[in-house]
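Sequence positions, counted from 1, serve as the residue numbers for this chain.
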Amino acid sequence: MTYLNYVIGAYAVFAVVMLWDLLVPHLQIRRELRAARMRKAREAKRAEPVELSR
């Protein structure tokens, strides 16, 4: 009896989990940085003085 398929499957699952652990934090950081940039742009736009006309 050979356990080759089991070993290959176990290594494949390990590789997928390691890749997931590498990519997800990177994607979360990018999302948060984008949200912070957008929030800063909204606040800057809101803070611009608006000239009143008569």
Side-chain angles (χ1 to χ4, degrees):
M1 180 183 282
T2 179
Y3 294 103
L4 181 61
N5 290 336
Y6 173 77
V7 172
I8 290 172
Y11 275 106
V13 169
F14 174 76
V16 168
V17 170
M18 292 302 288
L19 187 62
W20 182 265
D21 282 345
L22 179 69
L23 290 178
V24 169
H26 179 69
L27 294 175
Q28 288 174 339
I29 290 170
R30 285 182 56 192
R31 183 181 63 218
E32 293 300 324
L33 287 173
R34 181 174 181 268
R37 282 193 300 271
M38 290 174 66
R39 186 170 40 251
K40 184 177 178 182
R42 281 194 308 268
E43 290 172 0
K45 189 174 183 180
R46 188 181 313 140
E48 289 178 2
V50 177
E51 273 191 48
L52 298 176
S53 62
R54 292 183 176 212

Exercise for review: Please examine the side chains of R34 and M38, heavy atoms only from C-beta on, and report whether any two atoms are closer than 4.5 Å.
Suggested key: yes

Review point. Mind checking who shares a hydrophobic cluster with V13, ILVMFWY linked at side-chain heavy-atom distances under 4.5 Å?
Key: V17

**Study point:** Remaining members of the apolar cluster that contains I8, side-chain heavy atoms under 4.5 Å
**Key:** L4

Review point. Which residues pass the side-chain contact (heavy atoms from CB on, under 4.5 Å) test with E32, sequence neighbours left out?
Key: none

Check your understanding: Sequence neighbours excluded, which residues qualify as side-chain contact (heavy atoms from CB on, under 4.5 Å) partners of M18?
Key -> F14

Review point. For L33, what are the other residues in its hydrophobic cluster, where any two members join if their side-chain heavy atoms are less than 4.5 angstrom apart?
Key: I29

Check your understanding: Under a single-linkage rule joining Ile, Leu, Val, Met, Phe, Trp and Tyr whose side-chain heavy atoms are separated by less than 4.5 Å, which residues share a cluster with L19?
Key -> L23

